[in-house]
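Source: prediction; values computed, not measured. When a residue number appears, it is its place in the shown sequence, counting from 1.
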Amino acid sequence: MPVQHSVKLIPWDDREFVQAYERVATDLASAGIRLDQPNASIEIQRRLRADGYPNAICYCERSA
């Protein structure tokens with residue numbers, strides 16, 4: 001069964017923040033890291049903070 005995930009960005013209407021997230025997600029995919037992997041959210045958070053968003057918080061909720 002394929003893994004499904006969704007991403008919720010807050011603030012979703014901040015175009016620059018959304019673009020920063022998209023860059024990070026693309027970089028992770030290029031490195032072979034899937035967004036549903038255990039440490040992906042920590043890496044996304046780290047990269048967003050390094051990219052000028054010091055208050056970025058990322059977490060992953062999993063369900064069966």
Side-chain angles (χ1 to χ4, degrees):
M1 182 161 140
V3 174
Q4 296 180 356
H5 69 275
S6 64
V7 174
K8 181 177 181 181
L9 295 177
I10 300 173
W12 60 269
D13 58 347
D14 181 337
R15 183 176 175 89
E16 291 177 6
F17 178 70
V18 172
Q19 289 174 338
Y21 166 78
E22 290 172 343
R23 279 192 306 273
V24 168
T26 300
D27 290 348
L28 291 180
S30 295
I33 301 171
R34 296 185 330 266
L35 297 179
D36 63 322
Q37 287 180 297
N39 292 328
S41 59
I42 294 168
E43 185 61 20
I44 292 169
Q45 178 175 299
R46 187 188 70 74
R47 290 183 185 209
L48 284 173
R49 288 181 177 188
D51 203 21
Y53 297 93
N55 297 323
I57 298 171
C58 238
Y59 61 92
C60 180
E61 294 179 353
R62 296 173 191 266
S63 60

Shortest non-hydrogen contact between Phe17 and Tyr53, atoms and distance: N-OH, 3.4 Å
Donor-acceptor pairs under 3.5 Å, side chain of residues 45-52 to any protein atom, not counting sequence neighbours: which ones?
| unit_1 | atom_1 | unit_2 | atom_2 | d |
| --- | --- | --- | --- | --- |
| Gln45 | OE1 | Cys58 | N | 2.9 |
| Arg46 | NE | Glu43 | OE1 | 3.1 |
| Arg46 | NE | Glu43 | OE2 | 3.3 |
| Arg46 | NH2 | Glu43 | OE2 | 2.5 |
| Arg47 | NE | Glu43 | OE2 | 2.6 |
| Arg47 | NH2 | Glu43 | OE2 | 3.4 |
| Arg49 | NE | Pro54 | O | 3.4 |
| Arg49 | NE | Ala56 | O | 2.8 |
| Arg49 | NH2 | Ala56 | O | 2.9 |
| Asp51 | OD2 | Arg23 | NH2 | 2.9 |

Heavy-atom side-chain proximity of Leu35 to Ile44 below 4.5 angstrom: yes
From Ser30 atom OG to Leu28 atom CG, the distance as rounded to the nearest 0.5 Å: 8.5 Å
